[in-house]
Amino acid sequence: GAVVSQHPSRVICKSGTSVKIECRSLDFQATTMFWYRQFPKQSLMLMATSNEGSKATYEQGVEKDKFLINHASLTLSTLTVTSAHPEDSSFYICSASWGGQGFWEQYFGPGTRLTVT
Amino acid sequence: GNSVTQMEGPVTLSEEAFLTINCTYTATGYPSLFWYVQYPGEGLQLLLKATKADDKGSNKGFEATYRKETTSFHLEKGSVQVSDSAVYFCALSDQRAGANSKLTFGKGITLSVRP
């Protein structure tokens, strides 16, 4: 149980275009999802906390107008990278929070590799 | 604030060697502690967890014990395999924010196991 999927797994886009990444909790409802960014050989950097039905909370230094997050349902959050540039190329990972075992745990998606040319 | 410190890597071992990866933390309250593993090109998988002091998490031959007195959660395995080659992240969550509880990650350490 507690499976999280991401789509697409890889995407290549041209500079100036927008890209949408989906994160889905497949077998549980998640009021909270998180979006991370990971640079090569580095740890995960939290970008934002996404709550169903409300605006996302962004971490300091993350441009909310560039990284649009929507959490329209209890099983789906989307991250849209607007007007992408090569420096936005990265590995984006989402997680969904679930407390079914008596404590809160994050379940991670498989990640999306974004390459901006 | 919360922080997690992992030993510097990378680590290279021969198959069947003993593994220890050190992890210490700083946190207010009583955090839950986690070890995650990341295989090349993939997302994170939970390896094991401990939610209170003296708890031992274990999975796939890996173990880690929540030591409150030394604020540590060292990962150990008695005999590593080539398939254990991956990046390992130690993390904590203070749980106080409920579903919004954030994870604080260590920098990660790359383990390579040679045949």
Side-chain angles (χ1 to χ4, degrees), chain A residues 1-7 9-10 21 23 25 28-54 56-60 71 74 77 91-113, chain B residues 1-11 21 23 25 29-53 55 57 59 66 86-112:
Chain A
V3 179
V4 176
S5 70
Q6 277 184 248
H7 178 80
S9 57
R10 291 178 177 272
I21 302 170
C23 178
S25 56
F28 66 102
Q29 293 184 327
T31 56
T32 303
M33 292 184 175
F34 300 87
W35 286 96
Y36 296 85
R37 184 173 180 177
Q38 186 179 32
F39 293 100
K41 299 188 186 301
Q42 294 190 24
S43 189
L44 278 70
M45 181 191 79
L46 180 64
M47 299 174 67
T49 303
S50 168
N51 289 105
E52 187 265 338
S54 63
T57 302
Y58 290 81
E59 295 298 303
Q60 192 172 6
H71 194 155
L74 288 172
S77 176
F91 194 52
Y92 292 89
I93 304 175
C94 73
S95 70
S97 190
W98 187 60
Q101 296 188 40
F103 66 93
W104 292 99
E105 185 175 333
Q106 290 185 32
Y107 292 85
F108 286 82
T112 296
R113 174 75 60 193
Chain B
N2 298 335
S3 68
V4 175
T5 303
Q6 289 184 234
M7 58 184 279
E8 295 285 328
V11 173
I21 302 177
C23 172
Y25 67 90
Y30 301 95
S32 294
L33 302 175
F34 306 87
W35 276 100
Y36 288 91
V37 58
Q38 185 178 31
Y39 298 100
E42 298 183 10
L44 270 66
Q45 299 176 27
L46 178 66
L47 181 59
L48 53 83
K49 61 182 180 283
T51 59
K52 61 184 187 297
D55 268 2
N59 185 28
Y66 189 142
V87 181
Y88 292 81
F89 293 96
C90 184
L92 70 82
S93 170
D94 67 13
Q95 299 286 306
R96 288 178 296 176
N100 284 5
S101 296
K102 299 178 184 179
L103 280 168
T104 300
F105 285 95
K107 290 186 176 181
I109 187 169
T110 299
L111 170 66
S112 298

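Per chain, numbering begins at 1; letters A, B, ... match sequence-line order. If you're wondering where the values come from, they're calculated on a predicted model, not measured in any experiment.
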Does A/Glu105 reach the side chain of B/Lys49, with side-chain heavy atoms less than 4.5 Å apart? yes
Find out whether A/Trp104 and B/Asp94 are in side-chain contact, i.e. whether some heavy atom of one side chain is under 4.5 Å from a heavy atom of the other. no
Please round to the nearest 0.5 Å and tell me the distance separating atom [atom1] of [X] and atom [atom2] of [Y].
X        : Y       : atom1 : atom2 : value
B/Lys102 : A/Thr49 : NZ    : OG1   : 5.0 Å
A/Ser95  : B/Leu46 : OG    : CG    : 12.0 Å
B/Phe89  : A/Leu44 : CZ    : CG    : 6.0 Å
A/Tyr107 : B/Leu44 : OH    : CG    : 14.0 Å

Between B/Gly41 and A/Phe91, the two heavy atoms sitting closest are O-CZ, 3.9 Å
Of all heavy-atom pairs linking B/Ala99 and A/Thr31, the shortest is CB-OG1, 3.9 Å
With a 4.5 angstrom heavy-atom cut-off, which part of A/Gln106 approaches chain B: side chain, backbone, both or neither? both
Scored by heavy-atom pairs under 4.5 Å with chain A, the best of B/Leu103, B/Val87, B/Thr51 is B/Leu103
If the condition is ring-ring contact (aromatic ring centres under 6.0 Å, His included), which residues does A/Tyr92 pass it with, not counting sequence neighbours? none
If a pair satisfies side chain to side chain donor-acceptor pair (under 3.5 Å) and one of its residues is in residues 30-40 of chain B, list it, with sequence neighbours excluded. A/Gln38-B/Gln38
I'd like to know if the side chain of A/Ser43 and the backbone of B/Phe105 have a donor-acceptor N/O pair within less than 3.5 Å. no
Taking atom types as modelled, is there a side-chain donor on B/Asn100 or A/Thr32 under 3.5 Å from an acceptor on the other? yes
